[in-house]
Participant: 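I am attaching a structure below and will ask some questions about it afterwards.
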There are 2 protein chains.
Amino acid sequence: MTASINDVARAAGVSASTVSRALRGRSGVSDEVRDKITAVAAQLGYTASRSAASLASGRTFTIGVLVPYVGRWFFGTVLDAAEREFSAAGYDVLLYNLGSPEIRKRFFTRLPVRKRVDAVLTLLIPDEEESAALRSLGVPLATTVGGSRPGFTVVGIDDRAGTESAVRHLVNLGHRRIGMISGASGPLHWTTPIDRRNAYLDVLADAGIEHDPALEADGDYTVEGGERAMTELLAVSRPPTAVYAQSDEMAMGALRALRRHRLRVPEDVSVVGFDDHELADVVGLTTVAQPVADQGAEAARLLLRQLDEPGAEPPTEQVQMPIRLVLRETTAPPRPRGPQ
Amino acid sequence: MTASINDVARAAGVSASTVSRALRGRSGVSDEVRDKITAVAAQLGYTASRSAASLASGRTFTIGVLVPYVGRWFFGTVLDAAEREFSAAGYDVLLYNLGSPEIRKRFFTRLPVRKRVDAVLTLLIPDEEESAALRSLGVPLATTVGGSRPGFTVVGIDDRAGTESAVRHLVNLGHRRIGMISGASGPLHWTTPIDRRNAYLDVLADAGIEHDPALEADGDYTVEGGERAMTELLAVSRPPTAVYAQSDEMAMGALRALRRHRLRVPEDVSVVGFDDHELADVVGLTTVAQPVADQGAEAARLLLRQLDEPGAEPPTEQVQMPIRLVLRETTAPPRPRGPQ
DNA sequence: AATCTGAACGCAAACGCTTGCGCAACAGCG
DNA sequence: CGCTGTTGCGCAAGCGTTTGCGTTCAGATT
């Protein structure tokens with residue numbers, strides 16, 4: 001069918017090994033022969049079979065990327081940036097969309113990436129068992145989410161600092177009843193919701209505001225969840241005058257709920273999100289911006305570097321990217337007399 | 001390092017071929033032996049090397065997916081749905097993010113998927129040369145975008161009907177100056193912008209409205225582009241009272257531009273989009289809903305079916321999914337005296 | 001009892017590449 | 001002008017599977 005390395009070798013009048021060396025830029029081939037081979041290969045439309053190459057060399061030039069849900073903006077953006085880095089370095093990306101628990105479980109027990117990838121970038125937080133499975137692959141590992149884990153290079157942000165700037169902003173505006181929409185129901189071993197919650201509590205304590213557990217609701221990191229959570233918060237006896245959502249998508253859900261309740265933002269309720277979602281600007285959402293694409297790119301680069309220098313094994317780096325509060329139109333001082 | 005098929009064979013006291021047959025559910029293996037092998041394999045944590053298997057069998061159990069930009073909601077959503085189908089059928093997904101022209105060109109000249117995938121799903125519209133390259137792979141091809149192409153199974157929507165319902169809605173509300181934000185600068189051979197434009201023109205003609213070329217602007221299918229386009233439309237001598245955007249993301253950009261110009265939606269200007277983006281509901285955008293995830297899933301299923309029955313070669317099916325107009329809060333009758 | 005028939009399993013040849021090693025040919029050295 | 005390196009290339013042994021074919025053997029058929 002399609003040309004094999006032997007076809008090229010024959011056509012160029014050399015051996016297969018020379019073709020292999022020539023096409024991969026190895027030394028030991030004269031310039032003239034190399035040019036000849038390159039020309040012949042191009043003319044025959046030859047591409048080396050990755051399967052055969054992997055089998056022979058042990059390297060796959062493929063990176064496995066694990067994602068909980070590709071369709072979500074955050075993951076799509078990280079993946080996009082990471083893929084660019086990988087492909088620029090000559091690596092292909094094997095994508096695993098591990099949304100549901102069953103699929104996820106199946107993945108980690110069968111581990112289809114074994115012997116198939118040179119490294120793994122995971123955008124979901126593996127539990128103890130899962131990360132052990134990944135480590136058993138014997139390849140470099142990286143992640144852009146969750147806290148530090150042995151064996152993983154992780155690039156992330158300072159969740160505490162981000163949250164603090166957001167909540168402090170609300171406090172400075174004069175708010176005293178500040179609600180929070182969190183994503184507590186996420187996977188275990190995910191420190192993000194916990195870190196953000198702690199920071200939220202700290203700022204309240206710092207400001208001398210008593211914490212009211214009724215002002216916390218779970219938004220599941222989705223728009224719908226955010227809407228549900230906001231609706232819950234609106235139902236308590238003394239609703240919040242401001243809300244900190246742990247993600248922009250939940251914040252947007254909150255905005256929707258507020259609109260449904262005929263409440264005005266920010267006049268009646270202030271809302272601040274987290275992420276600086278692509279569309280946060282469209283709805284004028286005040287939020288904590290984090291460099292999402294940069295995190296993906298950086299994680300990819302760190303992984304590639306480990307592949308380049310197989311010397312020092314797991315550096316287990318820990319990179320922290322900058323965050324900043326972006327002020328838009330969903331936050332303002334509370335009304336003099338409270339929401340009613 | 002990790003166990004090979006021979007290790008399993010030795011441990012189970014059988015030959016490698018029997019292990020291969022047993023683990024893949026082929027006939028010719030007694031139940032007892034199969035159970036034994038399964039147990040041994042599990043205990044050794046054995047997974048067959050895909051590279052070796054592909055090399056020997058010619059099948060890769062991998063599907064190549066070509067995407068212009070994973071981070072964009074539409075593509076992320078299609079990819080998500082398609083990946084689920086593929087992985088459920090035991091196929092892995094090789095993702096190629098072909099955003100920039102250089103990367104795209106490099107991909108099509110080097111064709112790294114050659115001998116690496118059993119089928120290709122492309123979410124970008126290949127031009128003549130590119131689709132010829134894909135056909136040369138000799139594997140089933142499918143797409144969820146663009147018009148019909150020889151050799152491709154395509155699942156899509158009725159762009160004309162969708163546009164007609166959107167623009168007719170504006171006409172019925174009483175609008176006469178109806179602008180359009182299109183994505184004309186997209187790749188060639190992409191019939192969507194053209195179909196939608198033609199439908200737009202048809203509805204105007206039908207309603208006896210003279211077409212004003214100044215009321216068309218290019219939004220590049222991005223939020224920023226939509227914002228730019230809306231700004232342009234606002235700058236013409238008699239600005240439109242309503243705008244049809246060919247995508248929700250452009251519509252959202254338009255909303256942003258309108259907000260910046262202190263114009264109210266829908267009082268001053270009506271906006272209708274296309275897609276029913278996940279966040280369209282949040283901003284109350286009236287839009288033409290299309291089943292994005294369903295299209296990805298359906299395309300994947302059709303591809304898998306072709307892989308199952310290698311008998312009849314390219315059926316080149318053409319599936320059309322339903323669309324419907326979703327009325328929200330960005331459309332209303334024009335003001336009695338026009339926008340000023 | 002001799003023959004036939006499957007089922008169950010092993011043998012060995014691919015599959016298409018990479019890579020250590022060997023061997024010329026040729027340059028530079030004293 | 002021999003000697004030692006260096007360079008350029010071919011040989012052949014893998015890499016870990018799959019699969020067509022051959023062999024064995026128990027049970028059914030005459």
Side-chain angles (χ1 to χ4, degrees), chain A residues 1-38 40-41 44-62 90 111-118 138 310, chain B residues 1-38 40-41 44-62 90 92 111-118 138:
Chain A
M1 189 82 203
T2 48
S4 87
I5 197 173
N6 289 304
D7 301 329
V8 179
R10 207 172 308 124
V14 296
S15 73
S17 40
T18 302
V19 173
S20 174
R21 281 186 271 256
L23 259 27
R24 289 179 310 133
R26 303 276 179 193
S27 61
V29 183
S30 67
D31 286 347
E32 24 184 357
V33 171
R34 191 186 298 273
D35 289 348
K36 175 75 184 285
I37 291 175
T38 307
V40 170
L44 262 50
Y46 169 76
T47 312
S49 156
R50 289 267 197 169
S51 307
S54 303
L55 184 56
S57 70
R59 302 198 55 178
T60 65
F61 282 99
T62 302
L111 231 28
V113 288
R114 176 164 294 168
K115 306 175 196 165
R116 268 211 102 174
V117 298
D118 292 341
Chain B
M1 187 83 204
T2 48
S4 88
I5 197 172
N6 289 305
D7 300 328
V8 179
R10 207 172 307 121
V14 296
S15 74
S17 38
T18 301
V19 174
S20 173
R21 280 187 272 258
L23 260 26
R24 288 179 309 135
R26 302 279 179 193
S27 61
V29 183
S30 67
D31 288 346
E32 24 184 358
V33 171
R34 190 186 301 273
D35 290 348
K36 175 77 184 285
I37 290 175
T38 308
V40 170
L44 262 52
Y46 168 75
T47 312
S49 155
R50 289 266 198 169
S51 306
S54 302
L55 183 56
S57 70
R59 303 200 55 179
T60 64
F61 282 98
T62 302
D92 287 342
L111 265 228
V113 287
R114 174 164 294 169
K115 306 175 196 167
R116 267 210 103 171
V117 298
D118 292 341

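Naming: A, B, ... by sequence-line order, numbering from 1 per chain. We use all heavy atoms of the structure for the numbers below, so side chains are in, but hydrogens, waters and symmetry mates are not.
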Participant: Tell me yes or no: between the side chains of B:T62 and A:R50, is some donor less than 3.5 Å from an acceptor?
Facilitator: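 Per modelled atom types, B:T62 and A:R50 side chains form no pair under 3.5 Å.
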Participant: To the nearest angstrom, how far is A:R50 atom CZ from D:dG16 atom C1'?
Facilitator: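 My rounded result for the distance is 19 Å.
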Participant: Specify the separation, in whole Å, of atom CZ of B:R114 and atom C1' of C:dG16.
Facilitator: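 About 15 Å, once rounded to whole Å.
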Participant: Once you round it to whole Å, what is the distance between C1' of D:dT18 and CZ of B:F61?
Facilitator: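 The answer, rounded to whole Å, is 12 Å.
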Participant: Could you give the distance from CD1 (A:I5) to OG (A:S20), rounded to the nearest 0.5 Å?
Facilitator: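 Separation between the atoms: 5.0 Å.
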Participant: Can you tell me how far the CZ atom of A:R116 sits from the OG atom of A:S54, to the nearest 0.5 Å?
Facilitator: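 Taking CZ in A:R116 and OG in A:S54, the distance rounds to 9.0 Å.
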Participant: C:dG16 P sits how many Å from A:R59 CZ, rounded?
Facilitator: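 These atoms are roughly 23 Å apart.
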Participant: Pick the nucleotide of DNA chain C nearest each of B:E32 and B:L55; which residue has the one closer to the 5' end?
Facilitator: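 That would be B:E32.
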Participant: Going 5' to 3' along nucleotides 17-28 of chain C, which nucleotides have protein heavy atoms under 4.0 Å from the base (write B), which only from the sugar-phosphate (write S), and which from neither (write -)?
Facilitator: BSBB--------
Participant: Which residue in the set B:V14, B:T38, B:V40 passes side-chain contact (heavy atoms from CB on, under 4.5 Å) when paired with B:V8?
Facilitator: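 With B:V8 as partner, B:V14, B:T38, B:V40 yield a single side-chain contact (heavy atoms from CB on, under 4.5 Å), made by B:V40.
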Participant: Can you measure from CZ (A:R114) to OH (B:Y46) and round to the nearest 0.5 angstrom?
Facilitator: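 The CZ atom of A:R114 sits 11.0 Å away from the OH atom of B:Y46.
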Participant: Give a yes/no answer on whether the side chain of A:S30 brings an N or O atom under 4.0 Å of OP1 or OP2 in D:dT7.
Facilitator: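 Looking at the OP1 and OP2 atoms of D:dT7, neither is under 4.0 Å from any side-chain N or O of A:S30.
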Participant: Send over the distance from B:L44 CG to D:dG16 P, rounded to a whole Å.
Facilitator: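 Taking CG of B:L44 and P of D:dG16, I get 14 Å after rounding.
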Participant: Identify, with sequence neighbours excluded, every residue that meets side-chain contact (heavy atoms from CB on, under 4.5 Å) alongside A:R21.
Facilitator: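 Residues passing side-chain contact (heavy atoms from CB on, under 4.5 Å) with A:R21: A:S17, A:R26, A:V29.
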